[in-house]
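A quick write-up on the structure given underneath.
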Amino acid sequence: MAKSAPLPGTSDIFPAEVGAWRFLEDTARSVFGRFNYGELRTPIFEATEVFQRGLGDETEVVQKEMYTFEDRGGRSVTLRPEGTAGAMRALLNTDVLNGVEQRVFYIGPMFRGERPAAGRRRQFHQVGVENVGRIAPELDAETIAMLLDFLEALGITGATLKLNTRGVASDRPAAAAALKEYFTKHVDSLCEDCRKRLQGNVWRILDCKVDSCRDIIADVPDYAGMFSESSREYFQEVCKRLDWLGIKYEIDPFLVRGLDYYVHTVFEITHPGLGAQNAIAGGGRYELHLPGESKPVVGVGFAAGMERLLMVREALNLPPDGNLQQPKCVFIAALGEAAEEFKFKLASQLRRQGVTVATELAGKSLKAQMRSANRVNAACAVIAGDEELQKGVAVLRDLAGGEQKEVALSCLNEEISKLL
Ligand code: HAM
């Protein structure tokens, strides 16, 4: 247990870990940029009704997991549990409702009051994308392909893509009735929660994880076969395009996803390197309703859990920061009054030239200063004493090789660059 732990389900990210996060972020920016996506930054909290209406009142996230509180003035606000609803709220300021396409991605923290477990956090981070404004199977397929490109660029292999269709609203009553009839026959073997779901939202039974329910779910009627011809065709068109690209997928009729806004295509990426929380990313096509708007915003997108991406990269033994080159550091050690002034000025000058510099506080012994140089993993050290400075020289030590030499101050910059 850390001496000063953050709240359960939240984490501190220390400087040594940030390289790994940056690698994810840089990779996202570069891959999504190639598909013409621009970064959108929305507030971390929104009016509660954005999520209630956007994700659906019935969803588990809205019912049980939101961090909701009263803002000054009595307005109910909620820390965003996901990125799609807020992004759609923001994009209402563009022409998306008139069918003008917007391509945005976002990176940042999300908040869900879930029971913390490995890979399940209360503050977690998502990188997400939304292709908004238009409806076409090629956009669904392109979005899935982009997600796979992202994972490939992260070096993640061995992931499984699961795919399903949720049809559209008008497809659902008949399919839901068939499911209800089937589950009613087996009600005695269903878990307590699923019995409730049978009355409320029968679809939710499909992703129940209880073993006895799973046995029954395995034999559900082919509800997607009951969807309208145009919905079935839409899904075929998505699959056809994935086939064109040679993308492997599993059609999983039990994949319904927890948020109510989905229509047509839904998908999830799982990885065996994670435990029970094995979804690294999920998404799909949606119709999202927002307060005060009669028309839904349409789009397709996904979000990947960044903590889970890092866990998978670790399980695959990939270098955490993707071998980003850390800039090499110069340590400047000073012995004496004049040397202190020299150190302070040289550090400033080198940093302004873009060099990473570390120093110790005035008055420390040379030994203590060199210990600091080791701690920051400096590539070389400039050791300046008052006597040397009077002669117009300083000592330059190569900390990797161990050699050192006296260097004229006029050549110091040049000699330092050779060691970086
Ligand atoms: P989601 O499936 O709820 O979808 O979350 C996406 C990903 O966020 C999950 O696959 C998982 O990796 C990560 N995640 C979710 N909850 C947690 C948690 N408590 N701790 C750690 N990681 C978590 C959405 O959020 C949709 N907005 C995705 C989307 C975008 N659909 C269309 N556009």
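Proximity of a side-chain donor or acceptor of His271 to a complementary backbone N or O of Thr157 within less than 3.5 Å is detected. Proximity of a side-chain donor or acceptor of Arg112 to a complementary backbone N or O of Pro81 within less than 3.5 Å is detected. Using modelled atom types, no side-chain atom of Thr143 and backbone atom of Val300 make a donor-acceptor pair closer than 3.5 Å. Under the 3.5 Å distance criterion, the side-chain polar atoms of Arg308 are left unmatched by any main-chain donor or acceptor of Ala281. One N or O on the side chain of Asp252 and one on the backbone of Phe254 form a donor-acceptor pair closer than 3.5 Å. For Ser348 (side chain) and Phe344 (main-chain N/O), no donor-acceptor pair under 3.5 Å exists by modelled atom type. Side chain of Glu360 to backbone of Ala333: no donor-acceptor contact under 3.5 angstrom is found. Arg232 places no side-chain N or O within 3.5 Å of a backbone atom of Met226 that could act as its donor or acceptor partner. A side-chain donor-acceptor contact under 3.5 Å links Gln369 to the backbone of Ala334. With hydrogens and angles disregarded, no donor-acceptor distance shorter than 3.5 Å links the side chain of Arg166 to the backbone of Val266.
Contact of the Phe302 side chain with the Ile144 side chain is not registered, since no non-hydrogen atoms from C-beta on lie closer than 4.5 Å. A 4.5 Å side-chain heavy-atom check between Leu255 and Leu163 finds every atom pair outside the cut-off. Side chains of Leu206 and Tyr223 form a contact here, defined as non-hydrogen atoms less than 4.5 Å apart. Here the side chains of Tyr249 and Asp243 are in contact, with some heavy-atom distance below 4.5 Å. Inter-residue side-chain proximity for Leu419 and Lys328 is flagged as unmet; no heavy-atom pair is nearer than 4.5 Å. Side-chain contact between Phe183 and Val220: present, with at least one pair of heavy atoms (C-beta onward) separated by less than 4.5 Å. Contact of the Ile205 side chain with the Cys213 side chain is not registered, since no non-hydrogen atoms from C-beta on lie closer than 4.5 Å. Taking the side chain as every heavy atom from C-beta outward, Ile217 and Cys208 approach each other to under 4.5 Å.
Once rounded to the nearest 0.5 Å, the distance linking CD1 of Ile332 with CG of Leu396 reads 10.5 Å. The CD atom of Gln102 lies 9.5 Å from the CG atom of Asn131; values are rounded to the nearest 0.5 Å. Between the OG1 atom of Thr165 and the CD atom of Gln236 there is a distance of 10.0 Å, given to the nearest 0.5 Å. In this structure, the separation between OG1 on Thr68 and CD on Glu70 is 11.0 Å, given to the nearest 0.5 Å. To the nearest 0.5 Å, atoms CD (Glu60) and CD (Glu65) are separated by 5.5 Å. Expressed to the nearest 0.5 Å, how far OG1 of Thr59 lies from CD of Glu82 amounts to 9.0 Å.
With a 6.0 Å cutoff to the six-membered ring centre and a 45° limit on the axis angle, Arg122 does not count as a cation-pi contact of Tyr67.
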Evaluate side chain to side chain contact (heavy atoms under 4.5 Å, CB included) for Arg241 paired with Glu142, printing each intermediate quantity in order.
CA-CA 8 Å; Arg241 284 173 173 77; Glu142 189 197 80; over 6 Å; no

With side chain to side chain contact (heavy atoms under 4.5 Å, CB included) as the test, would you mind laying out the steps for Tyr234 and Val168 before giving the verdict?
CA-CA 11 Å; Tyr234 188 100; Val168 291; over 6 Å; no

Going through the distances and angles, do Val127 and Leu24 end up as a side chain to side chain contact (heavy atoms under 4.5 Å, CB included)?
CA-CA 9 Å; Val127 34; Leu24 295 186; 5.9 Å; no

Intermediate values then yes/no, side chain to side chain contact (heavy atoms under 4.5 Å, CB included), Glu293 and Leu97:
CA-CA 10 Å; Glu293 279 301 332; Leu97 289 180; 3.4 Å; yes

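Scanning for side chain to side chain contact (heavy atoms under 4.5 Å, CB included) contacts around Thr10 gives Pro6, Leu7, Gln123, with sequence neighbours left out. Partners of Tyr261 under the ring-ring contact (aromatic ring centres under 6.0 Å, His included) rule, at least two apart in sequence or in another chain, are Tyr286. Take Met311 and apply the side chain to side chain contact (heavy atoms under 4.5 Å, CB included) test, not counting sequence neighbours, and it matches Leu274. Among residues two or more places apart in sequence or in another chain, the side chain to side chain contact (heavy atoms under 4.5 Å, CB included) test is passed with Gln63 by Glu58. Scanning for ring-ring contact (aromatic ring centres under 6.0 Å, His included) contacts around Phe267 gives an empty result, with sequence neighbours left out.
Summarising the geometry of Leu92 relative to Leu290, their closest heavy-atom pair is CD1-CD1, 3.6 Å, with the distance given to 0.1 Å. Nearest heavy-atom pair, Asn164 versus Pro253, reported as atom, atom and distance to 0.1 Å: ND2-O, 3.4 Å. In terms of heavy-atom proximity, Ile416 sits nearest to Cys380 at CG2-SG, 4.4 Å. Between Ala159 and Ile269 the shortest heavy-atom distance is CB-CG2, 3.7 Å. Nearest heavy-atom pair across Asn36 and Arg103 is O-CB, 3.6 Å. Closest approach of Leu318 to Gly155, counting heavy atoms only: CD1-O, 3.3 Å.
A 6.0 Å sphere centred on CD of Glu39 holds more than 12 heavy atoms belonging to other residues, nucleotides or ligands. By the 6.0 Å contact criterion, CZ on Arg75 is open, its count of non-hydrogen atoms from other residues, nucleotides or ligands being 12 or less. The neighbour count for Tyr182 OH, taken as heavy atoms of other residues, nucleotides or ligands under 6.0 Å away, is above 12. At most 12 heavy atoms of other shown residues, nucleotides or ligands fall within 6.0 angstrom of atom CD in Glu181. Surrounding CD of Gln353 are more than 12 heavy atoms belonging to other residues, nucleotides or ligands, all under 6.0 Å away.
Of the N and O atoms on the side chains of Thr42 and Arg89, not one donor lies less than 3.5 Å from an acceptor on the other residue. Side-chain contact of Glu130 with Thr84: a donor-acceptor pair under 3.5 Å is present, judged by distance alone. A side-chain donor-acceptor contact under 3.5 Å links Tyr262 and Arg257.
Annotation: Phe105 is not in aromatic contact with Tyr37 [ring centroid separation under 6.0 Å not met].
Pairs passing the side-chain hydrogen bond (donor to acceptor under 3.5 Å, both in side chains) check and including a residue from residues 191-205, sequence neighbours excluded, read Arg204-Asp260.
The pair Glu340-Lys343 counts as a salt bridge, with a side-chain nitrogen and a carboxylate oxygen less than 4.0 angstrom apart. No salt bridge links Lys405 with Glu403; every basic N to acidic carboxylate O contact stays at or beyond 4.0 Å. Between Arg22 and Glu25 there is no salt bridge, since no side-chain N of the basic residue sits under 4.0 Å from a carboxylate O of the acidic one.
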